[in-house]
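The block underneath contains the structure these notes are about, expressed in structure tokens.
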Amino acid sequence: MSAADIVGSLALERRMGRGWAIAFAVAVALTVLLGVGIIVLLDRGVGIWGIDVPVAWAFAIADYVWWIAMGMAGTFISAALYLTRQGWRTALNRYAEAMTVFAVSVSGLFPILHLGRPWFFYWLAPYPNRMALWPQWRSSLLWDFFAISAYLLVSILYFYLGLLPDLAALRDRATTRGTQLFYGLLALGWRAEARQWDRFQTLSAMLAGLAVPLVFSVHSMVALDFSEGLLPGWHSTIFPPFFVAGALFSGFAMALVLAIALRSYFGLGSVITGRHLDNLAKVLLATGLFVAYSYVCEVFFAFYSSDQHEIRLTLNRFQGSYAWTYWVTAFCNVGSIQLLWFPRMRANVVVLLTVSILVVFGMWMERFMLIVTSLYRDFLPSSWGMFYPTRWDFVFLFGSIGLFFALFLLFLRYLPMVSMFELRKSSHSEHRRP
Amino acid sequence: MRELAGDTSADRREFLKLLGASFALAGASGCSGPPAQEIVPWIRRPPGVAGSDPQFYASTLRCGGDVLGVRVETHEGRPTKIEGNPLHPASLGATNPMAQAAVLDLWDPGRSQGILRKGAAASWDDFLAEVNGIPADAGGLHVLSGRVDSPTLAAQRQRLLGRYPGSHWYEYESIDNTNSLEGARLAFGAPLGVRYRMDRADVIVSLEADFLGSMPGHVRYARDFAASRQPEAAGRVERRLYVLEATPSLTGVKADHRWAMASSDIGRFAQRLANNETPLIRELQAKRGRSLILVGPTQPPFVHALAHVLNERLGNAGQTVEYFEWPEGGSESLQTLVTNIEAGQVKTLLILDGNPVYTAPADLRFGERLGKVPVTIHLGLYRDETARVSTWHLPAAHALETWSDVRGYDGSASIVQPVIAPLYGGHSAHEVIAALLGPDEPNGLDLLERTWPNLSDQALRRGFIEGSAPAAREVRVNLSSIAVPEKAEGLELLFRPDATVWDGRHATNAWLQELPKPITQLTWGNAVIVSPDLAAQHKLRNGDHVHIMSGSNQIEAPIWIVPGQARSSVTVTLGYGRSVEGTQAMGQGFNANRLRMSTERWVTRSVRLTPTGNHSELASTQQHHVMEDVRTPQKLHRSFYAEHPKGEYRWGMAIDLNSCIGCNACTIACQAENNIPVVGADQVLHGREMHWLRVDQYWEGTRVRHQPVACQHCDHAPCELVCPVGATVHDSEGLNLQVYNRCIGTRFCSNNCPYKVRRFNFLQYSDLKTESLEAQRNPEVTVRNRGVMEKCTYCIQRIEKAHITADREGRRIQDGEVVTACQEVCPTRAIVFGDTSDPDSTVSRAKKSERNYALLEDLNTRPQTTYLKEVPNPNPLMKDDV
Amino acid sequence: MTRIYGYMAQFDRPESLLQAARALRNLGYTRLEAHTPYPVEGLAEVLGIPPSRIPRVMFAGGLLAALGTLAIQYYSAVFNYPINVGGRPDASWPAFIPAALEMALLGASLCGVVAMLRGSGLPRLHHPVFDIEGFDRATRDAHFLVVLSDDPRCDEDSIVTELRALNPLRVGRVPA
């Protein structure tokens, strides 16, 4: 059986094994916990979290940025690596795109749930209404609304359309009528015809070309949520490129974690090879250096500006009440990736996994640090105040992780986790080479 | 009560039935309630015009150490807000926090609602039957009241003592002025009252006299004091304030020079001052007749006497200080009552509107002794600690439900006029005494007219009785020698009234519990106030618990560190540790009365303090009190944007920090006017208090700089920019608007406000279920639900009302016609509001001052509220610490 | 007599299919379809499939979305409901850009997807080729070349022979 067939069998026969079952059970449990949290939130209000004045944003916004950033790598792997004709993209792009769709979906919950009156979130859309009201165009939160909507829709379409040929393949290999119907409906009747392939290729190329500016602009919008604010530490033009770099960084880290997990659990070592991991690690290092450069820039700009508020904030980040968040971030995001300079380290799966998990954790901590250190000490000392999370803050964070993995694990079970037709194509090309 | 025509709301009809019912009940049993009598509104409304314009009635309120003439604002017969009475000499239009809170007390659902006899429901008739059974000449009738400052009650007292020979009347106040009266008796031979003319004093030396905060007359004194220190005033004279005190007070932190000194040592300083042994005396002598030495009620009588000696010597008598006779003296003391109880003489004890079981000094063991009295009758607003051990409990009528009169700090009398019939069938002290005096005794307005025979409509409308203040008396000091005690050793324990709950009577009031107390900014509790040195010595942080041992009594309490506290003094505030079921008093804080001795009511020496290792988190509203070198360069940048079209007016505000004393009256007035919810101690601890206006305190050494901060209504508001749904926008008259029903609660506006003046309803804070609280609310202001942002609106409801009135009359809004709630109640007139597009308006002229600046100006927010810098006036020849 | 959709030849390698297609084109056949498990380079040109409209549609869609979004913002903020927000100008062009940009990308993507589906004739759950025996392997390892029966060059008698000449794995009829 070819690699593609192995992947197809996984999706059809669905013998996921005990590890999958345990992971899924845990993920579902966390999702249920999230559900409980949502009910309590809607019933009582956002006061169940630890937010206050001055720190009116904390976990929920950190979670939102963290998740949407992790989605970036999927789009980048699919689109940018396609445009630059990187063959090693094939083994990774399917699950990475899935990761994007689920990460962006999960992230989209937070801007709605964190509202004081979340049932009115649709007022951000310009729809005809009796009061002739419009959204307020100059607000970065509104730009976010357009950005996230566009990103979510485009990611889903990109993912789905990329799946069409594989869905057809599964339909054709289905052994039960039910399975055949399931995949058949989703495949829309794809018959792998040359004209269809041609249109498919064109669209893939075009969407890839669109997706790169899309993902860059979406993360810039997310960054503008902060830059538009006048708080010291937020009000800086570095944020958009900084956040794009950070998104690539955290996304690739997550992609690496998933790559290692899928590879070892499903025995896909011949598909997701050491070379893939090596390349992912190199991109991780590169984007991590970009992020490190951003950290240095922030500090430089603060002192270069001579703005007393910026300087005070920067020094407070180093040694104030939340200094530990800064140094944990520095260790995880800058320190740990230095191991990746060394090929031996990049070849060591345990090291890669550890560094990736540290980066994923470190990137959450970075967002938390950015949000809270600027809010808790802004201009007037009289309004300075601390933020302490409550149990509900953690419920939503871990619940969102559970939801993501529940969706991802379902994807693993029901859909081919590597692009089958691309595998076939590349293995054919390899066989042709003398 | 005036009839209301054409109400269609079912709730209002229900409510009026309730009013009518209580009236009917009152009338049915003869002389048991006030007959329906005409109360006279502040402004006479054309007859037959039913409207929703509020009606104002003049009245008087006792509010923590002061008596203030007020105007009560009522909507459809419901009192909703208290404002000062501009004609009343103690108020001049201003109020203090406790006066503001009175309207919440009226509507408190936890108020006592029915007569109880041994815990079971009873009726007024049952009570009458009881009092009719009291024999006239058995001498067993005793009455305990608070301070008798009502001429009418004093007259009733005389009649009662006459009708029941052998009966006794006692007075007890937890916070009283017996030291001052005793001091006057030492100096002049008679217990005279003392009143001050702050406007005439160029040099003031205050010996623990908190005349800006807790002394009787503080509202008036604050006004006169601030007015005399206006730097731009014509003919400005150098004026200076020196304060010696143990624990920082509002007066002390405003002083040009403040010396922290143990309370017990202040008397020795006074003696040195009297013996010309201090440099201070030179300045006082240079300002003969224009200086003032005043002593606080916490200092022993001899210090008061010394001050009288000094004032006379310096020619101040009759100039900056006046002496007069209190007409209503003559009750006995609580100690005497206790003695009589022990002697078995007390058969019936009537406790008029007091809570002695809680407030009496510990050594008197009053609660225990009360058990020895066969029949105790308690009249009070709540079923409090005293009511629970009394035979009878009668719900009291609130001051806003009562006809009465009261004398203020300067002896002038004013009328207490009811604005609503008693909600729960309560009775006033007058009515209870009248029940004892028999059926011929008049009640209500008739009773008042007995004291004030020519009481005119005019007087009722104005609330103030002209010429009722006793004349100043010419007196000479007649004093041979004064015994000055030895220097104090060890730690002294000071008892002080709490800034918001006073002696505990306001512990049931949510607004006062949540109002940050000046200096400590604590809410919902009290603490032991210690100096930084003492805390360092015992390695204590804020909230750590200590044991305080005084003699054989001991309490455990958390500490709070206050800079400027004298090193050898610890201060406890009274009023906490109370539990009254169904109210806000739920055991918060600790009861300092347990350490208080009847012989040493203000200072106990040689107490011991030891840490216990326990800790509580105390809910303070401000965590950082140092400016931390946040001084911004005042550089306004050119704007990129074209100006938006301007409206007819441009509203703006100027706050004079020279005048602001940090009393927090503005904070609570805003809460009352704008239906701001109370959030509770736990939420305050989490930084979620809802006050739209807060008074920031920054410590500089031992001085405090106060800064009231509310929405600055920025022209280039950073909050408006970031709201995705446009819930906050700008109007043409310069106001930053918050549209509650559009807000979806993203909270970016709060994040982007550099002044952090926006408040968010994180949970459902507004109580939408309790009916009586709904009655208190201002119908002109929306009540906000959870998930919605709110902030100062420059009292837009008042601006709109002025617009409507002006449009109706075809004219412009006059300067001074729109008065915001905070502006109206400020004792020192620190807040000025008006039309900045009119160059002659008060606010425009204030902004032209050299002292004018905008907060965080370099952020280019262009706020409509600006501040006038404080200008302290230290003596270049003196250092702060003596 | 059953109607015939076309005649198919099955190959095992894309190169064979490509060669066969070229041969048929040289013989004058014009109505050809091919089914392969993955896209084959050059096949579309050989079969004479015209280039897709997708790029132009996407461009138009994106442009329309961008201009439309700008127009809506301008109209609402300047004419329909101008309101002073933070003293900023009503026509805040810098602020209008992000929404327009995102809508352009979304609009282009949606138009592209629609154009692709229409260009591919999808969704179409039933098609005659699904009845070819073994067609399920078209998405796996089988390559099918189909000559449609309405091809003018296609002659019922000779087509099978001509197909056999291409060396397929097998040849068959595709009923409609």
Side-chain angles (χ1 to χ4, degrees), chain A residues 2 4-5 8 126 132-134 136-140 142-143 145-147 149-151 153-154 157-158 161 164-166 168-169 171-173 184-185 188-203 206-207 210-211 213-214 217-218 220-221 224 420-422 424-425 428 432, chain C residues 13-15 21 32-40 43-44 47 49 51-52 54-55 58 62 69 72-73 76-77 80-81 83 85-86 88 92 95-96 98-99 101-103 105-106 108-110 112-113 115-117 119-127 129-130 135-141:
Chain A
S2 70
D5 289 330
L133 288 174
W134 299 92
Q136 202 276 104
W137 306 108
R138 301 160 198 85
S139 164
S140 56
L142 183 73
W143 306 337
F145 168 75
F146 285 100
S149 310
Y151 192 28
L153 281 170
V154 173
L157 287 171
Y158 197 23
L161 287 169
L164 268 185
D166 284 0
R171 169 200 65 198
D172 292 338
R173 275 186 57 189
L185 284 170
L188 300 180
W190 173 266
R191 47 186 201 278
E193 208 250 302
R195 187 190 171 100
Q196 292 180 336
W197 279 120
D198 179 67
R199 297 331 185 214
F200 179 89
Q201 296 273 76
T202 310
L203 182 66
M206 296 298 299
L207 278 184
L210 279 185
L214 176 69
S217 66
V218 165
S220 302
M221 299 302 147
L224 287 174
M420 288 160 60
F421 75 90
E422 285 181 33
R424 292 188 211 282
K425 179 164 183 187
H428 178 80
R432 280 186 64 203
Chain C
R13 281 164 57 239
E15 295 76 24
L32 299 170
E33 282 179 3
H35 301 263
T36 53
Y38 41 82
V40 176
L43 186 56
L47 295 180
I49 296 171
S52 162
I54 290 175
M58 287 176 83
T69 310
I72 258 189
Q73 290 174 104
S76 64
N80 188 254
Y81 206 141
I83 193 163
V85 173
R88 269 65 172 184
S92 311
F96 292 164
L101 175 64
E102 301 300 334
M103 287 296 102
L105 294 169
L106 177 63
S109 306
L110 285 175
V113 167
M116 179 263 180
L117 290 175
S120 308
L122 294 173
R124 184 178 167 172
L125 291 179
H126 185 71
H127 192 277
V129 298
F130 285 129
F135 190 75
D136 58 296
R137 296 197 77 98
T139 52
R140 200 165 165 184
D141 54 12

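Letters A, B, ... mirror the listed sequences (proteins, then strands); counts begin at 1.
- Closest approach of A132(A) to N80(C), counting heavy atoms only: O-OD1, 4.1 Å.
- Using modelled atom types and a 3.5 Å distance limit, the side chains of S92(C) and R138(A) yield a donor-acceptor pair.
- Note that the CZ atom of R171(A) and the OG1 atom of T139(C) stand 6.5 Å from one another [nearest 0.5 Å].
- For V129(C), the part lying under 4.5 angstrom from a heavy atom of chain A is the side chain only.
- Rounding to the nearest 0.5 Å places CD of E193(A) at 10.0 Å from CG of L122(C).
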Checklist entry - Should M58(C) and L207(A) be marked as a side chain to side chain contact (heavy atoms under 4.5 Å, CB included) after you check the CA-CA gap, both sets of side-chain angles, and the distance that decides it? => result CA-CA 9 Å; M58(C) 287 176 83; L207(A) 278 184; 4.2 Å; yes
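- For the atom pair CD of Q196(A) and OG1 of T36(C), the computed distance is 10.0 Å after rounding to the nearest 0.5 Å.
- The nearest pair of heavy atoms linking D172(A) to D136(C) is CB-O, 3.3 Å.
- Note that OG1 of T69(C) and CZ of F146(A) are 6.5 Å apart. Values are rounded to the nearest 0.5 Å.
- When all heavy atoms of R199(A) and S120(C) are compared, the closest pair comes out as CB-OG, 3.7 Å.
- Ranked by heavy-atom pairs shorter than 4.5 Å toward chain A, the options P123(C), P98(C), A99(C), A44(C) are led by P98(C).
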Next on the checklist: Under the criterion side chain to side chain contact (heavy atoms under 4.5 Å, CB included), I'd like the reasoning laid out for E422(A) against Y38(C): C-alpha separation, chi angles, the key distance, then a yes or no.
Outcome noted: CA-CA 7 Å; E422(A) 285 181 33; Y38(C) 41 82; over 6 Å; no
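- Between chain C and the options F200(A), Y151(A), F145(A), the largest number of non-hydrogen pairs under 4.5 Å is found for F200(A).
- Among D166(A), L142(A), D198(A), the residue with the largest count of heavy-atom pairs under 4.5 Å with chain C is D198(A).
- Here the NE2-CD distance, from H428(A) to E15(C), works out to 3.5 Å after rounding to the nearest 0.5 Å.
- Interface remark: L125(C) contributes backbone and side-chain atoms alike to the contact with chain A (heavy atom separation under 4.5 Å).
- Taking both residues in full, the closest heavy atoms of L117(C) and L161(A) are given as CD2-CD2, 4.3 Å, listed atom of the first, atom of the second, then distance.
- Between the H35(C) side chain and the R191(A) main chain, a donor and an acceptor come within less than 3.5 Å of each other.
- Taking every heavy atom of both residues into account, V154(A) and S109(C) meet most closely at CG2-OG, 3.5 Å.
- Interface residue L105(C): backbone and side-chain heavy atoms are both found under 4.5 Å from chain A.
- In this structure, the side chains of L106(C) and L214(A) stay at 4.5 Å or more apart for every pair of heavy atoms.
- Both the backbone and the side chain of M206(A) come within less than 4.5 Å of a heavy atom of chain C.
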Next on the checklist: Between W137(A) and I72(C), does the side chain to side chain contact (heavy atoms under 4.5 Å, CB included) criterion hold? Intermediate values first, please.
Outcome noted: CA-CA 10 Å; W137(A) 306 108; I72(C) 258 189; 3.7 Å; yes
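- Side-chain atoms of W134(A) do not come within 3.5 Å of backbone N or O of Y81(C) as any donor-acceptor pair.
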Next on the checklist: Under the criterion side chain to side chain contact (heavy atoms under 4.5 Å, CB included), I'd like the reasoning laid out for V218(A) against E102(C): C-alpha separation, chi angles, the key distance, then a yes or no.
Outcome noted: CA-CA 8 Å; V218(A) 165; E102(C) 301 300 334; 3.7 Å; yes
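- Annotation for W190(A) and F130(C): closest pair O-CZ, 3.8 Å, computed over non-hydrogen atoms.
- Here the CZ atom belonging to R424(A) is positioned 6.5 Å from the CZ atom belonging to R140(C), to the nearest 0.5 angstrom.
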